[in-house]
Amino acid sequence: MSARNGNWSCLGDSGVPASDELHIVERIKPVNSGAALEIEYTLTDPKGWEGEMKFTKRWNRVDDQDIQEVQCLPDLNQHIPSTQSKDNVR
């Protein structure tokens, strides 16, 4: 995506423009006496938009199911930009 002044990319599949000044803050906390986990995201990008963008995700605790073990393989994550960064330490 090209925009006013330089190279731009999009934030995930959202179509939201993101510049090299994108800043993301995540606030993670248990809620409902530990029955859920809540993550509040605050995004700012002075080159992309005015103000801040906020959204919250919540996951309910499930006690009667096991969490399956998974392998994190970089080759399977090529669609995730952060796994392709030259600055990413492996």
Side-chain angles (χ1 to χ4, degrees):
M1 170 179 194
S2 62
R4 307 175 247 170
N5 49 0
N7 294 326
W8 291 67
S9 61
C10 289
L11 185 60
D13 294 332
S14 68
V16 174
S19 76
D20 58 347
E21 291 190 24
L22 173 66
H23 182 74
I24 302 173
V25 175
E26 296 175 301
R27 291 186 175 87
I28 304 169
K29 64 181 179 180
V31 293
N32 296 337
S33 300
L37 182 69
E38 182 177 278
I39 304 178
E40 179 186 89
Y41 299 89
T42 304
L43 292 77
T44 57
D45 189 342
K47 288 183 181 178
W49 62 82
E50 293 181 10
E52 61 187 23
M53 182 184 310
K54 285 189 170 195
F55 59 95
T56 303
K57 289 188 175 184
R58 184 178 283 191
W59 289 269
N60 292 322
R61 182 179 181 136
V62 178
D63 291 324
D64 61 347
Q65 294 180 355
D66 289 333
I67 297 173
Q68 299 298 315
E69 183 176 349
V70 297
Q71 293 182 356
C72 295
L73 302 172
D75 294 343
L76 299 177
N77 297 325
Q78 292 176 351
H79 66 286
I80 303 172
S82 63
T83 63
Q84 304 305 310
S85 170
K86 292 182 174 99
D87 297 327
N88 195 5
V89 177
R90 297 193 196 277

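Values below: every heavy atom of this structure, side chains too, minus hydrogens, waters and symmetry copies. The first residue in the sequence is number 1, and the count goes up from there.
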Trainee: Sorted by first residue and then second, give each side chain to side chain donor-acceptor pair (under 3.5 Å) pair with at least one member in residues 53-62; sequence neighbours left out.
Mentor: Glu38-Arg58, Arg61-Asp63
Trainee: Identify all side-chain donor-acceptor contacts of residues 24-33 below 3.5 Å with residues at least two apart in sequence or on another chain.
Mentor:
none

Trainee: Taking everything shown except Glu21 itself, do over 12 heavy atoms lie less than 6.0 Å from its CD?
Mentor: yes
Trainee: Only counting residues at least two apart or in another chain, list the ones meeting side chain to side chain donor-acceptor pair (under 3.5 Å) with Glu52.
Mentor: none
Trainee: List in chain and number order the residues that pass side chain to side chain donor-acceptor pair (under 3.5 Å) with Asp66, two or more places apart in sequence or in another chain; answer none if no residue qualifies.
Mentor: none
Trainee: Restricting to non-hydrogen atoms, name the atom on Phe55 and the atom on Leu43 that form the minimum distance, rounded to 0.1 Å.
Mentor: CE2-CD1, 3.5 Å
Trainee: Any chance you could lay out the side-chain contact (heavy atoms from CB on, under 4.5 Å) test for Asp20 and Lys47, step after step, and finish with the verdict?
Mentor: CA-CA 8 Å; Asp20 58 347; Lys47 288 183 181 178; 2.8 Å; yes
